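Scroll down for the structure; my scribbles are underneath it.
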Amino acid sequence: MTVALCALSHSPLFGIANPGAETLAQVNAGLDRLRSFVRAFDPELTIVFGPDHFNGVFYDMMPAFCIGRAATSVGDWGTTAGPLPVDRQAAGCLTEAVLRSGVDVAQSERLHVDHGITQPIEFLFGKSSTQPLVPIFINAVGLPLGPMQRVRLLGEAVGREIARWQRRVLLVASGGLSHDPPVPRLAEAPPEVAARLIDGRNPSSEARAIRQQRVIEASRAHAAGSGNFREVNPVFDQKTLDLLASGDLEQFDAWTNAWIEAEGGHSGHEIRSWVAAFSALRAAGPYRVTDRGYWPVREWMTGFAMASAQLKAHS
Ligand SMILES: O=C(O)CCc1cccc(O)c1O
Ligand SMILES: [Fe+2]
């Protein structure tokens with residue numbers, strides 16, 4: 001057994017909005033380092049913890065967590081659409097292990113995923129990779145959410161299971177850190193928006209284009225200092241990264257969702273992906289963070305962070 005971890009933010013505005021040459025060069029250099037880390041580790045299986053943004057998972061059946069035994073990319077924001085190379089057997093083992101641990105994870109024979117899962121895969125492996133995957137959906141925008149402790153326990157159950165395997169497993173976390181992009185919320189949605197949050201799968205390409213254009217315009221307004229979006233919070237983000245690096249992950253149990261939202265914005269809940277993945281790594285053994293980068297990027301409407309980590313025994 002050996003396990004490694006890569007965690008990174010996603011933003012659909014990456015490649016669309018320009019954060020300036022210096023930031024872009026630094027982020028790209030960071031992504032290059034992550035790709036080198038992954039190549040050197042040479043994973044036989046990659047488990048991706050990531051959210052969805054009402055593109056693949058809706059309120060007609062909103063699970064807290066869901067493991068895909070098969071999955072298909074909706075192809076939003078220029079990501080490759082279609083079936084993903086899911087390792088069905090590994091996904092089944094993980095589902096059983098998590099259920100045995102007492103965490104009532106949902107399961108899917110066709111998990112629909114958006115850029116929350118596909119962007120990190122494409123960053124790390126390219127646009128049409130055949131890298132075997134297990135996608136694990138972590139609800140971060142379909143309020144209400146359960147306590148953070150459940151996220152940690154989900155991750156631990158995954159980590160305990162893969163620690164028993166004779167296989168190099170890469171854990172990938174996708175999301176965060178603090179950000180508040182224009183993702184609709186059911187409680188405040190007018191009826192036509194509510195309808196698509198409940199059952200909005202397979203929008204017409206025109207409808208998708210209109211929504212994406214709205215996000216692009218929002219990011220322009222935000223970058224120009226107007227618009228009604230919260231600022232990225234580097235203090236919250238560094239605190240999150242410090243705690244993840246410390247390995248003292250039980251401390252996240254005390255982070256209430258109200259506090260996370262107040263400090264990290266509505267999409268700050270995406271740190272759940274990071275907590276799940278780091279908890280999985282820790283369940284496989286003591287770890288150390290080997291790389292860490294952070295850039296608050298207004299043009300991408302997010303604090304863009306990345307990290308890699310590996311087991312101490314293998315460093
Ligand atoms: O709903 C959508 O498709 C856009 C969501 C979105 C926007 C900016 C930064 C992000 O990280 C993000 O996920
Ligand atoms: Fe997101």
Side-chain angles (χ1 to χ4, degrees), residues 7-19 23 27 31 48-59 73-79 81 112-123 135-143 145 172-186 188-189 193-194 196-197 200-203 205 207-223 227-233 236-237 240 260-261 264-277 294-306:
L8 63 169
S9 304
H10 55 246
S11 173
L13 297 156
F14 191 105
I16 294 177
N18 187 349
T23 301
V27 172
L31 290 174
V48 187
F49 297 90
D52 179 77
H53 312 76
F54 300 116
N55 293 304
V57 184
F58 299 89
Y59 274 112
S73 159
V74 305
D76 62 325
W77 294 101
T79 58
H112 297 264
V113 302
D114 75 356
H115 69 278
I117 297 266
T118 54
Q119 191 177 60
I121 297 170
E122 295 191 3
F123 275 155
I136 303 187
F137 163 78
I138 309 282
N139 182 27
V141 298
L143 305 180
L145 303 176
V172 173
S174 171
L177 300 180
S178 66
H179 62 318
D180 202 17
V183 179
R185 287 183 294 280
L186 188 61
E188 295 143 44
V193 176
R196 83 162 172 80
L197 301 186
R201 195 169 286 149
N202 302 320
S205 51
R208 195 185 292 292
I210 288 168
R211 275 167 49 200
Q212 297 192 354
Q213 196 53 41
R214 279 202 203 109
V215 174
I216 293 169
E217 275 154 25
S219 81
R220 281 205 196 108
H222 185 60
N228 222 352
F229 304 102
R230 295 246 298 279
E231 294 299 329
V232 166
N233 181 351
F236 172 85
D237 292 342
T240 303
I260 290 168
E261 208 165 289
H266 293 94
S267 290
H269 296 303
E270 287 183 358
I271 64 167
R272 288 172 166 250
S273 299
W274 292 57
V275 171
Y294 176 72
W295 302 267
V297 187
R298 306 187 84 206
E299 291 79 359
W300 294 343
M301 302 189 89
T302 192
F304 202 91
M306 59 181 67

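Just so it is clear, the values below take in all heavy atoms, side chains as well, and ignore hydrogens, waters and symmetry mates. For clarity, every value in this text was computed on a predicted model and none was experimentally measured. Counting starts at 1 for both ligands and their atoms, following the listed order. Numbering of residues begins at 1 and proceeds along the displayed sequence.
Counting heavy atoms from C-beta outward, Pro184 and Leu197 have side chains that approach closer than 4.5 Å. Within the 4.5 Å cutoff, no side-chain heavy atoms of Pro181 are placed close to those of His53. Between Phe123 and Leu8 the shortest side-chain heavy-atom distance falls below 4.5 Å.
In this structure, His222 and Phe229 have perpendicular ring planes: the angle between them is above 60°, well past the 30° mark. Classified by interplanar angle (parallel below 30°, tilted 30° to 60°, perpendicular above 60°), the ring pair Trp300/Phe304 is perpendicular.
Here the options are Val48, Thr79, Val113, the test is side-chain contact (heavy atoms from CB on, under 4.5 Å), and the partner is Ile121; only Val48 passes.
As for Glu270, its N/O/S atom nearest the Fe ion (ligand 2) is the one called OE2.
Among the backbone and side-chain atoms of His179, none of the N, O or S atoms lies under 2.8 Å from the Fe ion (ligand 2). Within the 2.8 Å limit, His10 places at least one N, O or S atom next to the Fe ion (ligand 2).
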Could you go through ligand 1 and note, for every N or O atom, any protein N or O atom closer than 3.5 angstrom, writing the atom names and distance to 0.1 Å, or 'none'?
from     : atom 1 : to     : atom 2 : distance (Å)
ligand 1 : 3 (O)  : Trp77  : NE1    : 3.0
ligand 1 : 11 (O) : His10  : O      : 2.9
ligand 1 : 11 (O) : His179 : NE2    : 3.2
ligand 1 : 13 (O) : His53  : NE2    : 2.9
ligand 1 : 13 (O) : His115 : NE2    : 3.1

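Every residue two or more places apart in sequence or in another chain was checked for a side chain to side chain donor-acceptor pair (under 3.5 Å) with Glu299, and none qualifies.
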